[in-house]
Amino acid sequence: MFKSLRLQNKIFVYFSLFAFIIVSAINLLFYYYAESFVEGNAVTNKQQTTQKIQEQLDSMLEGMDKLSISVNASNYIMDTLARIPLSKNNNYFDENPGVSSQIKNILLSYTALQPLKERISLISKDGDYIEISNKMNSQQVTKEFIRRMPEFQEWMNSDMYKIWIPLHPDYWSADADLEISLVRPLRDNYQVLGLVVVSFNISELDRITSFRNAQSSSQILLCDGNQKVIYARVSPFPKEQISCLKPEASEKNENTVNHELWKLNNETFMAFTVGLSKVNWSLMLLDDESSFHKPILYLRYSTFSIYLIALCIILGLLYYYIGMVTRPIRRLKESLANFDMENLILHSTRLHTKNEIVLLGQAFQDLLDKLRDSIIVVDQANQREMAAHMNALQAQVNPHFLYNTLTVIGAYGKSKGNDEVMDMCTALSDMLRYAMKFGEKETVLIFELQNVDNFLKLMAKRYASLFTYTLDVDPSLNMLPVPKLFLQPIVENAFHHAFKEKDPPWEIEVKGAIENNRWWIHIADNGTGINLERLSHLLEIIQAMSQNPITPFSMNASAELHDSEGSGIGLQNVFARLFLFYKGDISIHIERLEGSGTLIRLGGNFHL
């Protein structure tokens, strides 16, 4: 089935699979990278939030601790506690307003750098009580009330330097708001002189653990060293379920946020835990796993949607582009199917384009054009070759009859004592024999020179003392390959044109040599000189031949095989045969001599 598809569809299938693999791989790599980045960013964000809350809680506890230390370091307060008499029922600080005022001023001075957020209470070892507070509902605290507090004796008898009390009802007010307290026994070198209690209301914890983003689903828990919840900001859950949050103890490094999965009421939460530095408590941030992974789900759906859209766009563009690429191939196929074998014509439309496939069809047509021109030129060359033989030998009916006749004439002349007749018959017989070898289109220069020599001998006998010639060619050129019958038509051309309107004596000079690895042959006459118009025409044709040896011949009519006089092979045809034989590697020069006459010079590279 796949093999029966068109080329366009096959290429589309191949490239679609390739695009699908590449786009899918890129999408998966991007998704996993983005998922890990988003998840890591979310975890980091929650860790930073937990860390920030932990730092604020530590700062609050540290402030409470510093206030208690400052009270313990006050000499005036410590001396006052040491002087308070025992076994009195009245509050010492109520009976001594001056001392109370001084102590309150000292306590207020400790809160000068920051506003007083709750209450600082000072208790003597006998239950005397004094405080500074920003609350307006503080109740009157008596010594009897303090002595009956079970916590009082416990605090006085404690060996600890400070006692952190988790959330508890306010001891000193009527509304009993929840608060967190720090109790520090005030000791001298021998005994406990009293207690200082620093308390912060639960509203301070709510402020620290609140989120500016109202849509946040994160919940805050504060646990003591026994993993008992001492503070919970878990608004979506009923308060009675908070006691169920008793996770197993895990390793907590101070200032290091750990995170793990928690199971609670068949729901899974991400728990971020960090220990507080001032007390053995831990801060826990809970986040619903489903809401925690919402950005990842959104990323997954959006990535998959973008992947599908991108894949559809890529496949659409790919199909359109492949159609553009294969359309010229289909046209070239149709052109080849309708190929005109007789005229070598590829039926294709020439377009102004840079498409390589379209240019391939045009180049193929150009090749066919050149092939057709070559066939025409070869056909014309064959016609010229035949014409050369036909014009060199006017009578071909019975060559043996001609040879025999010339032999009889030569023998008769010799018997009468006329050796010139014998020489003329021999020269003419050699010319006929040379010209009639039709199967040989190539020869060497020595044979061509012998044929020209025979022709010039006959012309010298015919015109007697009116004509002389010189034949001087370097013997090293004897074996130079040349086309047959190329030199005689040039020499014969002088008798038909150069000597027609020129009074004798007539002269023809044929010379040849080798210079700088190039051979040259020149043929000069002392005739009237070539016509300037004809010379210009011949030079144009020679120039065209040197650039493209085929085009000038195909442009000339095949009937132009003879010169205007019909007396021999035309110069154009001789030059054409030379260019074809040497494949363009030849130079042809024609000039009109200043005195009189014409010079034709031929030359080429010497390769033997």
If we only count heavy atoms from C-beta on, is the [X] to [Y] side-chain gap below 4.5 Å?
X	Y	value
Y231	I180	no
V99	I130	no
E131	I120	no
Y110	S74	yes
E179	F200	no
L122	L81	yes

Rounded distance (nearest 0.5 Å) linking atom [atom1] of [X] with atom [atom2] of [Y]:
X	Y	atom1	atom2	result
M64	K162	CE	NZ	10.5 Å
Q102	F93	CD	CZ	12.5 Å
W281	C223	CH2	SG	11.0 Å
L285	T50	CG	OG1	4.0 Å
S181	L167	OG	CG	9.0 Å
L318	I11	CG	CD1	9.5 Å

| message | So does G98 get a backbone contact from the side chain of S101, meaning a donor-acceptor N/O pair under 3.5 Å? | response | no
| Hey, is the main chain of D170 close enough, under 3.5 Å, to the side chain of D177 for a donor-acceptor pair? |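 Absent.
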Side-chain donor-acceptor pairs of residues 298-317 under 3.5 Å, sequence neighbours excluded:
residue: R300; atom: NE; partner: Y31; partner atom: OH; Å: 2.7
residue: R300; atom: NH2; partner: Y31; partner atom: OH; Å: 3.2
residue: S302; atom: OG; partner: Y298; partner atom: O; Å: 2.8
residue: S302; atom: OG; partner: L299; partner atom: O; Å: 3.0
residue: T303; atom: OG1; partner: L299; partner atom: O; Å: 2.6
residue: S305; atom: OG; partner: Y301; partner atom: O; Å: 2.8
residue: Y307; atom: OH; partner: S24; partner atom: OG; Å: 2.8

| request: For S59, enumerate each residue passing the side-chain hydrogen bond (donor to acceptor under 3.5 Å, both in side chains) test, keeping only those at least two apart in sequence or located in another chain. | output: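 If we apply the side-chain hydrogen bond (donor to acceptor under 3.5 Å, both in side chains) test to S59, skipping adjacent residues, there are no hits.
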| query | Mind checking what makes side-chain hydrogen bond (donor to acceptor under 3.5 Å, both in side chains) contact with T142, not counting sequence neighbours? | reply | none
Enumerate, atom names and distances included, each donor-acceptor pair closer than 3.5 Å involving a side-chain atom of residues 143-152, sequence neighbours excluded.
residue: K143; atom: NZ; partner: K88; partner atom: O; Å: 2.4
residue: K143; atom: NZ; partner: D126; partner atom: OD2; Å: 2.9
residue: K143; atom: NZ; partner: D128; partner atom: OD1; Å: 3.3
residue: R147; atom: NE; partner: D126; partner atom: O; Å: 3.1
residue: R147; atom: NH2; partner: K88; partner atom: O; Å: 3.2
residue: R147; atom: NH2; partner: D126; partner atom: O; Å: 3.3
residue: R147; atom: NH2; partner: D126; partner atom: OD1; Å: 3.1
residue: R147; atom: NH2; partner: D126; partner atom: OD2; Å: 3.0

| F20: partners by ring pair (Phe, Tyr, Trp, His ring centres under 6.0 Å), with sequence neighbours left out |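 Partners of F20 by the ring pair (Phe, Tyr, Trp, His ring centres under 6.0 Å) criterion come out as none, since no residue qualifies.
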| request: Please list, chain by chain and in numerical order, all residues satisfying ring pair (Phe, Tyr, Trp, His ring centres under 6.0 Å) with Y582, sequence neighbours excluded. | output: W519
| request: Go through the steps to decide whether V257 and T273 satisfy the test side chain to side chain contact (heavy atoms under 4.5 Å, CB included), and finish with yes or no. | output: CA-CA 5 Å; V257 180; T273 308; over 6 Å; no
[X]: which residues meet the side-chain contact (heavy atoms from CB on, under 4.5 Å) condition with it, sequence neighbours left out?
X	result
S158	M160, I163
N280	none
P169	A176, L178

| task | Go through the structure and list residues passing salt bridge (charged side-chain N to carboxylate O under 4.0 Å, His left out) with K52, not counting sequence neighbours. | result | none
| remark: Taken in chain and number order and not counting sequence neighbours, the residues that satisfy salt bridge (charged side-chain N to carboxylate O under 4.0 Å, His left out) with R518 are none
| query | Yes or no on side-chain hydrogen bond (donor to acceptor under 3.5 Å, both in side chains) for E35 and Y33, after CA distance, side-chain angles and deciding distance? | reply | CA-CA 5 Å; E35 180 184 27; Y33 170 77; over 6 Å; no
| query | Can you list every pair that meets salt bridge (charged side-chain N to carboxylate O under 4.0 Å, His left out) and has a residue in residues 180-191, with sequence neighbours left out? | reply |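 Every pair satisfying salt bridge (charged side-chain N to carboxylate O under 4.0 Å, His left out) with a residue in residues 180-191: D65-R184.
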